[in-house]
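Heads up: the structure comes next, in structure tokens.
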Amino acid sequence: MSGTDMKLVVVGAAGRMGQTLIRTIKARPGTQLFAAVERPGSPFIGRDAGEISGLGPIGVTITDKPLEAFVEAEGVLDFTSPVASVEFADLAAQARIVHVIGTTGCSTGDETRFKAAARHARIVKSGNMSLGVNLLGVLTEQAARALGPADWDIEILEMHHKHKVDAPSGTALLLGEAAASGRGIDLTSQSVRVRDGHTGARVAGTIGFATLRGGSVIGEHSVILAGEGEQVTLSHSATDRSIFARGAVTAALWARDQKPGLYSMLDVLGLS
Ligand code: NAD
């Protein structure tokens, strides 16, 4: 373990999560904000990263040159978009540093690129970086195992703010994967992501998703296990984005001492 502060780069620095990450790093002993990166053409290029996050000037100017920042840094915190995260994974592999990916809505092809980059980078990727949701995933797996598909139906309900661009949320999919793992089934072939019109009766053993969007909701998730005459609901409410940012910084510090590879928050939190 190095005794010096871990040099971190925030990409997507002007975003909702980017600004939260900048404030979180400033408050976290053992870390320093080394650089802040935005997309080429962003009106935030050249601005002070602290100023745009409500901290006042901190002397870190937002740039659009990620590789220049990565080669001198030890870790990247990335809550951007799938296309950007794939590019950043390649650059993190070139620089052989830690890459924490919180971006959601990634395709199977994107996941293959992350796996390839993890031969050289230490990647931690999770659809939700909070302790609470990762614990909820463990509880969901247990509940899905204990309450079998013949008598219990599993539905996952989520709500997020109106600006969110992907659905179901990364967290809903994380919880779906946990339920599928408890049941020993493949989520992709067993999930019902949308219902509309005359759908016919529910197929036993499937995992259903329902998506709500509106207002400023940070993240509400419920896993509903519905049986004959009784129902079990496991749920999580996020009331502050700092839970994700704190988890991401914890993941970077943890990954600093790991071998190259693709890890999840369950590994970081010792819940795997
Ligand atoms: P946002 O739109 O507010 O911020 C994204 C930022 O990334 C924007 O400022 C955008 O300009 C920037 N960006 C895009 N392409 C870039 C590039 N090539 N280089 C540099 N910057 C680039 O979105 P947000 O609400 O902060 O969420 C971002 C992502 O994080 C989403 O996928 C969201 O679902 C996910 N998220 C994950 C977690 C988690 O715990 N895993 C929690 C919250 C949000």
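Whatever order the structure lists ligands and atoms in, that order sets their numbers, starting from 1.
Within the 3.5 Å criterion, the main-chain N or O of Ser81 finds a donor-acceptor partner in the side chain of Ser85. Proximity of a side-chain donor or acceptor of Arg23 to a complementary backbone N or O of Ser53 within less than 3.5 Å is detected. At distances below 3.5 Å, at least one donor-acceptor pair connects side-chain atoms of Ser264 with backbone N or O atoms of Leu266.
Counting heavy atoms from C-beta outward, Ile224 and Val232 have side chains that stay 4.5 Å or more apart. No side-chain heavy atom of Lys115 sits less than 4.5 Å from a side-chain heavy atom of Glu111. Met159 places none of its side-chain heavy atoms less than 4.5 Å from the side chain of Arg213. Annotation: side chain of Ile58 is in contact with side chain of Leu33 (closest heavy-atom distance under 4.5 Å).
Contact annotation for Glu87 and ligand 1: no heavy atom of the residue comes within less than 4.0 Å of the ligand. With a 4.0 Å cut-off on non-hydrogen atoms, Thr80 touches ligand 1 through its backbone as well as its side chain. Contacts with ligand 1 closer than 4.0 Å are made by no heavy atom of Phe44, backbone or side chain.
Between Val11 and ligand 1, not a single N/O pair is under 3.5 Å apart. Residue contacts with ligand 1: Thr103 is placed with no nitrogen or oxygen under 3.5 Å of a nitrogen or oxygen of the ligand (distance criterion only). Checked against a 3.5 angstrom limit, the closest N/O atoms of Phe244 and ligand 1 fall outside it. Considering backbone and side-chain N/O atoms, His161 never comes within less than 3.5 Å of an N/O atom of ligand 1. Ligand 1 has a nitrogen or oxygen under 3.5 angstrom from a nitrogen or oxygen of Ser126. At least one N or O atom of Gly102 sits closer than 3.5 Å to an N or O atom of ligand 1. Checked against a 3.5 angstrom limit, the closest N/O atoms of Met17 and ligand 1 fall inside it. Residue Thr104 places at least one N or O, backbone or side chain, under 3.5 Å from an N or O of ligand 1. Of the polar atoms of Met129, at least one N or O is found under 3.5 Å from an N or O of ligand 1, judged by distance alone.
Classification of the Tyr263-Trp254 ring pair by plane angle, with boundaries at 30° and 60°, yields perpendicular.
Considering every non-hydrogen atom in both Ile97 and Glu74, the closest pair reads CB-O, 3.4 Å.
Side chain to side chain, Gln190 and Thr206 fail the donor-acceptor criterion of an N or O pair below 3.5 Å. For His221 and Ser235, the side-chain atoms include no donor-acceptor pair closer than 3.5 Å. Checked by atom type, the side-chain pair Thr24/Arg28 shows no donor-acceptor distance below 3.5 Å.
The protein heavy-atom contact nearest to atom 8 (C) of ligand 1 is Glu38 OE2, 3.6 Å. Protein heavy atom in closest approach to atom 4 (O) of ligand 1: Gly15 CA, 3.3 Å. The nearest protein atom to atom 21 (N) of ligand 1, hydrogens excluded, is given as Arg39 N, 3.3 Å; this is a heavy-atom distance. Here the heavy atom of the protein found nearest to atom 28 (C) of ligand 1 is Phe79 O, 3.4 Å. In terms of protein heavy-atom proximity, atom 25 (O) of ligand 1 is closest to Arg16 NE, 2.9 Å.
Contact between Gly170 and ligand 1 is absent, with no heavy atom of the residue lying under 4.0 Å from the ligand.
Taking a cut-off of under 4.0 Å to the non-hydrogen atoms of Gly127, the atoms of ligand 1 that pass are 39 (C), 40 (O), 41 (N). The distance from ligand 1 to the heavy atoms of Phe88 drops below 4.0 Å at these ligand atoms: 17 (C), 19 (N), 20 (C). Set against the non-hydrogen atoms of Ala84, the atoms of ligand 1 under 4.0 Å away are 15 (N), 16 (C), 17 (C), 18 (N). In summary, the atoms of ligand 1 found under 4.0 Å from a heavy atom of Ala14, numbered by their order in the structure, are 9 (O). Within the listing of ligand 1, atoms 34 (O) sit less than 4.0 angstrom from a heavy atom of Lys164.
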Stepwise side-chain hydrogen bond (donor to acceptor under 3.5 Å, both in side chains) test for Ser130 and Asn128:
CA-CA 6 Å; Ser130 76; Asn128 193 302; 2.8 Å; yes
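Atom CZ of Arg145 is surrounded by more than 12 heavy atoms from other residues, nucleotides or ligands within 6.0 Å.
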